[in-house]
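Written out below as structure tokens is the structure these notes cover.
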Number of protein chains: 2
Amino acid sequence: MTKRGGKRMGAGRPKGTNHYGEPTKPIRIPVSKIDRVLRFVREREDMVPLYGNEVPAGFPSPADDYAEGVLDLNAHLVREPTATFFVRARGDSMIGAGIHDGDLLVVDRSLEATNGKVVIVSINGELTVKRLRQAKGRTWLIPENPDYPPIDFQEQDDTHLWGVVTNVVHSL
Amino acid sequence: MTKRGGKRMGAGRPKGTNHYGEPTKPIRIPVSKIDRVLRFVREREDMVPLYGNEVPAGFPSPADDYAEGVLDLNAHLVREPTATFFVRARGDSMIGAGIHDGDLLVVDRSLEATNGKVVIVSINGELTVKRLRQAKGRTWLIPENPDYPPIDFQEQDDTHLWGVVTNVVHSL
DNA sequence: TTTTTGAATAATGTAACAAGATTCAAAAAT
DNA sequence: ATTTTTGAATCTTGTTACATTATTCAAAAA
């Protein structure tokens, strides 16, 4: 078997043919999170396509490239990770605001609780969700259901305003 | 200034004093995702505390350890990443199911569309969300709003059932 | 007894490396 | 002339190695 080849121009693997189509860099990751991170970078988890109301061409091509219209739920719903928490809603006193029994509420403590915002308050150790209404120097907590009465915030003991509800997650 | 120290037992930084409290390993990450990954591993983003309805002790300790009751929205809402997509809801025909105009619907194409499920269907190129009702060998799409009439699925042209709605994200 | 200091040791970001993957044109085969 | 085979060239990729930084603690100094 004699030698083949010799000097050749243009030989070799071309740049940009890697798995991601872009350069990579080694980053030090705590071992318990390596699985999560690898799934994220390799299988484009967390990046789910978002469609409007017309059926788009090629809909719903499963693993194609969704350069546009891709949505990460965490980034979308949690703006300030360190100031955000979830609360499970109970009862139907806020049904008019689209909050149902058992819904998951996304609460941002870094937002200012201004007039008209839906807020989480604690009254005597119990968390509740109501709409904040400030008028004539007084503050009211208004249920969004005619079966429930407004609450005079000043009359309550042991109250605290915990944050503003930004999103409601309802399971079907 | 003379020399201090000398041989000492027990000197040196102790093991396990790293930022994460566990060993780390370098993992190669595509550059565009490095920011996202670093935020995830460093600031425990995506792991937001979940509370019930009583104010827990130490609530809401901002960056403490929430060993329990921590929730990742992506993992919670997207069970099958490759089979999931989002659709923006339009109109109020499903108001009774808690679906409002502008809500974000999480749709899983891997779930079977059985009787009673809320589904996404396309009719003549338009996406719509309705409740599936199968009876007497016929299939109906039922709006959850008395102002809208049921749709006879068989009578429509160019229809396709795209998936089952698992969650509704409503912004306030 | 308290404070200061620096040797010892681990953590951490990144460069470097070895092994594997990929391409393409020269050589061989048809 | 055309197609197939082959291996040198080059890039990718998981991991190791390393230089720098951070941290601790007991000896030395105050």
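Per chain, numbering begins at 1; letters A, B, ... match sequence-line order.
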What's the spacing between [X] [atom1] and [Y] [atom2] if we round to 0.5 Å?
| X | Y | atom1 | atom2 | result |
| --- | --- | --- | --- | --- |
| B:Arg90 | B:Asp103 | CZ | CG | 9.5 Å |
| A:His170 | B:His170 | NE2 | NE2 | 11.0 Å |
| B:Thr159 | B:Leu141 | OG1 | CG | 8.5 Å |
| B:Met94 | B:Asp101 | CE | CG | 14.0 Å |

Report task. Whenever both distances are under 3.5 Å in a Watson-Crick or G-U wobble pair, mark it; put DNA chain D into dot-bracket that way, with [ ] for crossing pairs and | when the partner is on another strand. Result -> ||||||||||||||||||||||||||||||

Query raised in the report: When the distance from CD1 of A:Ile34 to P of D:dT15 is rounded to whole Å, what number comes out?
Result: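 After rounding, the reported distance stands at 9 Å.
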
**Report entry** Nearest-Å distance for atom pair CD/C1', residues A:Glu22 and D:dT12
**Finding:** 14 Å

Query raised in the report: Which comes earlier along DNA chain D counting from the 5' end, the contact point of B:Thr17 or that of A:Thr24, where each point is its nearest nucleotide?
Result: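 Of the two residues, A:Thr24 wins.
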
Query raised in the report: With the sugar-phosphate defined as primed atoms, P, OP1 and OP2, and the base as all remaining atoms, what B/S/- string results for nucleotides 13-19 of chain C, 5' to 3', for protein heavy atoms under 4.0 Å?
Result: BB-B---

Just by distance, do the side chain of [X] and the backbone of [Y] share a donor-acceptor pair under 3.5 Å?
| X | Y | result |
| --- | --- | --- |
| A:Arg109 | A:Trp162 | no |
| A:Arg28 | B:Pro26 | no |
| B:Asn115 | B:Gln134 | yes |

Query raised in the report: Can you tell if the side chain of B:Thr128 reaches within under 4.5 Å of the side chain of B:Ile151, non-hydrogen atoms only?
Result: no

